[in-house]
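Here is the structure we will look at.
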Amino acid sequence: MKDFEAYIFDLDDTLYCEYDYVRSGFRAVANELAKQRPDIGIDGIHQMLIDEWRRNGRGRVFDDVCKQLGIDADIVRLVHLYRSHWPDISLYDDAKEVLSHFKQAGKKIGIITDGDSTMQWAKIKALELEHFVDKIIVTDDLGREHWKPSETPYRKMVECLGLNFCDCVYIGDNPNKDFIAAKRLGMGTVRIVREVGDHMRTKLGTEYEADMTIRSLTELIDKRW
């Protein structure tokens with residue numbers, strides 16, 4: 001791989017497993033719901049939330065499980081609990097290795113991530129990523145219109161790092177939005193395809209796909225373009 005000056009990462013399903021965050025958030029919600037259904041308990045309700053999520057996705061999981069439990073809960077409050085909880089998550093092993101490698105090598109490291117600002121910053125702090133990286137951009141802080149695939153966060157990142165676009169590579173997992181703007185601006189792009197994740201089977205056209213696909217972040221160290 002080309003010896004880039006800056007390695008800029010997506011967060012969810014790139015540096016850690018987002019499904020772990022979902023399970024962690026469900027635990028916080030289960031703890032609340034168990035106050036009304038102690039007969040089922042936290043573990044039982046947590047499993048119900050997971051089962052419903054696996055069947056039908058996250059869209060109405062709280063509504064549907066509360067209906068199953070016979071609980072008239074405040075769904076807005078449950079969503080707030082989910083989004084504001086302290087996540088029980090950890091970096092992928094290859095992410096730890098690669099971040100440490102590039103930091104020791106004197107490379108610039110950045111993160112650009114979409115999602116609710118409260119949630120994303122909680123993840124970042126729980127993963128202690130501020131110790132590794134030079135700049136973090138949570139696009140929600142800029143406004144929803146600046147979520148990926150907007151060029152804005154990429155432009156801001158490169159400007160903050162004091163580099164040219166061609167000196168930077170963006171690494172993410174979601175071809176629907178991660179690489180379009182980066183490629184247009186002249187950045188390198190790499191897609192990580194893991195065994196678990198929402199986008200691991202997504203295949204799109206050349207405009208959307210990254211320049212390179214890898215199975216482990218350690219390939220960023222080993223591969224050559």
Side-chain angles (χ1 to χ4, degrees), residues 9-97 99 111-132 136 138-141 144 147-148 172-174 176-178 192-202 215-217:
F9 296 88
D10 173 50
L11 179 61
D12 301 312
D13 285 332
T14 298
L15 296 179
Y16 85 102
C17 180
E18 187 178 11
Y19 288 177
D20 289 346
Y21 177 84
V22 175
R23 293 185 184 95
S24 175
F26 285 172
R27 172 68 61 176
V29 172
N31 186 65
E32 179 69 16
L33 294 179
K35 295 174 184 176
Q36 297 184 61
R37 290 299 305 268
D39 55 315
I40 297 178
I42 296 171
D43 290 344
I45 295 174
H46 187 236
Q47 190 60 52
M48 289 177 68
L49 290 164
I50 290 172
D51 291 344
E52 182 62 32
W53 162 47
R54 287 173 174 164
R55 281 193 299 268
N56 298 311
R58 276 175 268 179
R60 289 183 51 82
V61 64
F62 298 154
D63 303 77
D64 293 340
V65 169
C66 285
K67 185 175 181 181
Q68 294 167 30
L69 291 168
I71 292 175
D72 184 18
D74 183 346
I75 302 301
V76 173
R77 172 170 163 70
L78 297 181
V79 171
H80 175 74
L81 279 172
Y82 178 89
R83 290 180 174 175
S84 62
H85 87 284
W86 184 257
D88 181 14
I89 54 177
S90 58
L91 290 171
Y92 282 121
D93 288 341
D94 62 345
K96 293 177 188 176
E97 181 177 344
L99 291 171
I111 292 172
I112 297 174
T113 178
D114 286 346
D116 175 84
S117 180
T118 299
M119 291 171 58
Q120 298 310 100
W121 280 111
K123 296 171 187 175
I124 289 162
K125 292 182 183 302
L127 295 169
E128 299 183 339
L129 282 166
E130 289 160 302
H131 299 301
F132 286 104
I136 298 171
V138 175
T139 58
D140 201 39
D141 294 336
R144 185 63 186 255
W147 284 31
K148 295 177 288 184
D173 72 302
N174 184 357
N176 291 294
K177 62 178 183 176
D178 280 344
I192 176 77
V193 179
R194 299 192 180 276
E195 294 181 359
V196 175
D198 288 341
H199 310 291
M200 58 184 179
R201 293 187 179 87
T202 304
R215 298 283 175 174
S216 169
L217 292 179

**Prompt:** Only one of Asp173, Asp178, Asp12 clears salt bridge (charged side-chain N to carboxylate O under 4.0 Å, His left out) with Lys148; which?
**Reply:** Asp178

**Parallel, tilted or perpendicular: rings of Phe62 and Phe26 (30°, 60°)** = perpendicular

**Item:** Over 12 foreign heavy atoms within 6.0 Å of CG, Asp72
**Value:** no

**Message:** Can you give me the closest heavy-atom contact between Gly115 and Val138, atom names plus distance?
**Reply:** O-CG1, 4.2 Å

**Request:** Decide side chain to side chain contact (heavy atoms under 4.5 Å, CB included) for Trp86 and Lys125; before the verdict, give the C-alpha distance in whole Å, the side-chain angles of both, and the deciding distance to 0.1 Å.
**Result:** CA-CA 9 Å; Trp86 184 257; Lys125 292 182 183 302; 3.8 Å; yes

**Asked** Quick check: does any side chain N or O of Arg37 sit under 3.5 Å from a backbone N or O of Leu69, one acting as donor and the other as acceptor?
**Response** yes

**Item:** Residues forming a ring pair (Phe, Tyr, Trp, His ring centres under 6.0 Å) with His85, sequence neighbours excluded
**Value:** Tyr21

**Request:** Tell me, yes or no, whether the heavy-atom count around Asp116 atom CG, taken from other residues, nucleotides or ligands under 6.0 Å, exceeds 12.
**Result:** yes

**Complete:** Heavy-atom nearest pair, Ser216 first then Ile192, reads N-CD1, 3.6 Å

**Message:** Do Asp10 and Asn174 have side chains that approach each other closer than 4.5 Å (heavy atoms only, starting at C-beta)?
**Reply:** no

**Request:** Please determine if Asp20 and Arg23 form a salt bridge, counting it only when a charged side-chain N lies under 4.0 Å from a carboxylate O.
**Result:** yes

**Fill in**
When every non-hydrogen atom of Leu78 is compared with those of Glu32, the smallest separation belongs to CD2-CG, 4.1 Å

**Asked** Within a strict 4.5 Å, meaning less than it, do heavy atoms of the Leu11 and Leu127 side chains meet?
**Response** yes

**Prompt:** Of all residues at least two apart in sequence or in a different chain, which pass the salt bridge (charged side-chain N to carboxylate O under 4.0 Å, His left out) check with Asp140?
**Reply:** none

**Request:** Any chance you could measure Met48, atom CE, to Cys66, atom SG, to the nearest 0.5 Å?
**Result:** 9.0 Å

**Complete:** When rounded to the nearest 0.5 Å, the distance separating CZ of Arg77 from CD1 of Ile75 is 12.0 Å

**Prompt:** Roughly how far apart are Tyr92 OH and Asp13 CG, rounded to 0.5 Å?
**Reply:** 5.0 Å

**Request:** Compute whether any side-chain donor of one residue and acceptor of the other, for Gln47 and Asp51, lie under 3.5 angstrom apart.
**Result:** yes

**Message:** What I'd like to find out is whether the side chain of Asp43 reaches to under 4.5 Å of the side chain of Arg27, using heavy atoms alone.
**Reply:** yes

**Message:** Return the NE2 to OG1 distance between His80 and Thr118, rounded to the nearest 0.5 Å.
**Reply:** 8.0 Å

**Asked** Which heavy-atom pair separates Ala126 from Pro87 by the least distance, and what is that distance?
**Response** CB-O, 3.7 Å

**Request:** Calculate, to the nearest 0.5 Å, the distance between atoms CD1 and CG belonging to Ile111 and Leu129 respectively.
**Result:** 4.0 Å

**Fill in**
Output for pair (Thr113 OG1, Trp121 CH2), nearest 0.5 Å, gives 10.0 Å

**Message:** Would the distance check show the side chain of Arg194 and the main-chain N or O of Thr14 forming a donor-acceptor pair, the cut-off being under 3.5 Å?
**Reply:** yes

**Request:** Ignoring hydrogens and angles, state whether a donor on the side chain of Glu52 or Asn56 is under 3.5 Å from an acceptor on the partner side chain.
**Result:** yes

**Prompt:** Side chains of Tyr82 and Val22: closer than 4.5 Å at any heavy-atom pair?
**Reply:** yes

**Request:** Taking Asp94 for its side chain and Leu217 for its backbone only, find out whether a donor-acceptor pair lies under 3.5 Å.
**Result:** yes

